[in-house]
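Report on the structure given below.
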Protein chains: 2
Amino acid sequence: MARLSDIIEDFIKTLLKQSEGELELQRNELAEYFECAPSQINYVLATRFSLDRGYYIESRRGGGGFIRIVQLDLDKDDYLLYLINERIGNSISENETKDIVTNIMERGIITEREAAIINTALEDKVIAIPANLRSIIRANILKAMLVAILRSRV
Amino acid sequence: MARLSDIIEDFIKTLLKQSEGELELQRNELAEYFECAPSQINYVLATRFSLDRGYYIESRRGGGGFIRIVQLDLDKDDYLLYLINERIGNSISENETKDIVTNIMERGIITEREAAIINTALEDKVIAIPANLRSIIRANILKAMLVAILRSRV
DNA sequence: ATATTATGAAGGTCAAAGATGGTCAAAATA
DNA sequence: TATTTTGACCATCTTTGACCTTCATAATAT
């Protein structure tokens, strides 16, 4: 018997195809449909619709809440994807960051102003926390910003 | 399952557009129209028409009472300076941040993509450090980015 | 005529209830 | 052992209702 998680994964992917890469769903509704625990939906999203696999998840709680799944526009040799999934890793310095940001600006991927915004945000003096933690948080933020750029390109 | 609050928000925004940014309404009348508790109108005003989102509310009780909603229109540079020097302070939440950033986008101070970059960078899940410290770092980063925007607007 | 006191007509506040989704670790299964 | 499934408990946003405050005006007292 096929795993439920795989079935849910396929189900969501079918819906995504029908809706051109962007989809909103209700966690409880889906869980009820598949007669599983609501948290299993989170499990499927975490394991099958991760950033590594090219998906982006947003959600909102409370009345009228939802989960939105966005399929990123993936091009296998996309430089941004390489940066997000390989180059940056979980820790990066201010200087490395500036090199990368300057580079994608020169490639015409971001504007000069966007580069300025990103660079300023990631300066050591701005992220005023202990150095070891800082490099980790900087990597997080940089990757998140690059994902935002990926998304807004579609 | 659209939220009633969102529907009321849209309704008010439509009225605001028709009346050039200033509008007077009766709380009970509106509540009756949408068949909801009058206090829900207050909820919508508090969450969707806050100062951070660029609106100002005045009201009067008693016979002939009213609620006046004014869409603020300030000088761009002045507003950025106000945000940097007064509003943000040394600590700010994710939601407040999003309200402010969305607001300056709607005012045309930043592009939609810049707003997406800034908002994503400042999400709780991205700045993965203890909550109290996180709000402080978020304020730092946001102010730094706004300064970058001010500087690049020459 | 003037001052004072109801009365009714607004709007305001706050906390509880309802509606979602999130997390984490234990249990089950492959 | 690694992955999947489940469930208890948590966080967040929305909706509702009971109770409070303010204002204009009509009624009443001086």
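All figures in this text were calculated on a predicted structure; none of them were measured in a lab. Every chain is numbered from 1 and lettered A, B, ... according to where its sequence line falls, protein lines coming before strand lines.
- A heavy atom closer than 4.0 Å to some atom of DNA chain D occurs in B:R60, B:R61, B:G62, these being the qualifying members of residues 53-62 of chain B.
- Using a 4.0 Å heavy-atom distance criterion, B:D6 is classed as making no nucleic acid contact.
- Nearest nucleotide to the side chain of A:Q40, out of D:dT5, D:dT4, D:dT15: D:dT5.
- Using a 4.0 Å heavy-atom cutoff across all strands shown, B:R48 reaches sugar-phosphate atoms only and no base atom.
- When the side-chain nitrogen and oxygen atoms of B:Y43 are compared with OP1 and OP2 of D:dT15, none of them lie within a distance under 4.0 Å.
- Of the residues in residues 125-132 of chain B, not one places a heavy atom less than 4.0 Å from an atom of DNA chain D.
- Using a 4.0 Å heavy-atom criterion, one finds that A:I41 contacts no nucleic acid atom at all.
- Every pair passing salt bridge (charged side-chain N to carboxylate O under 4.0 Å, His left out) that includes a residue from residues 103-115 of chain B is listed here, sequence neighbours excluded: A:R113-B:E114, A:E114-B:R113.
- Contact check for A:V126 versus A:L122: no side-chain heavy atoms found under the 4.5 Å cut-off.
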Please tabulate, one pair per line, each protein N/O and nucleotide N/O from nucleotides 25-29 of chain C that are separated by under 3.5 Å, including the distance.
none

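- B:K98 is linked by a salt bridge (charged side-chain N to carboxylate O under 4.0 Å, His left out) to B:E94, B:E123, counting only residues two or more places apart in sequence or in another chain.
- Side-chain N/O atoms of A:N28 include one lying less than 4.0 angstrom from OP1 or OP2 on C:dG21.
- Every pair passing ring-ring contact (aromatic ring centres under 6.0 Å, His included) that includes a residue from residues 79-133 of chain B is listed here, sequence neighbours excluded: B:Y79-B:Y82.
- Among the nucleotides C:dT20, C:dA10, D:dT4, the one closest to the side chain of A:S5 is D:dT4.
- Among the nucleotides C:dG22, C:dT13, D:dT14, the one closest to any side-chain atom of A:R27 is C:dG22.
- Contact annotation: A:N42 does not reach the phosphate of D:dT5 (side-chain N/O to OP1 or OP2, under 4.0 Å).
- Side-chain contact between A:F49 and A:Y56 is absent, with no heavy-atom pair separated by less than 4.5 Å.
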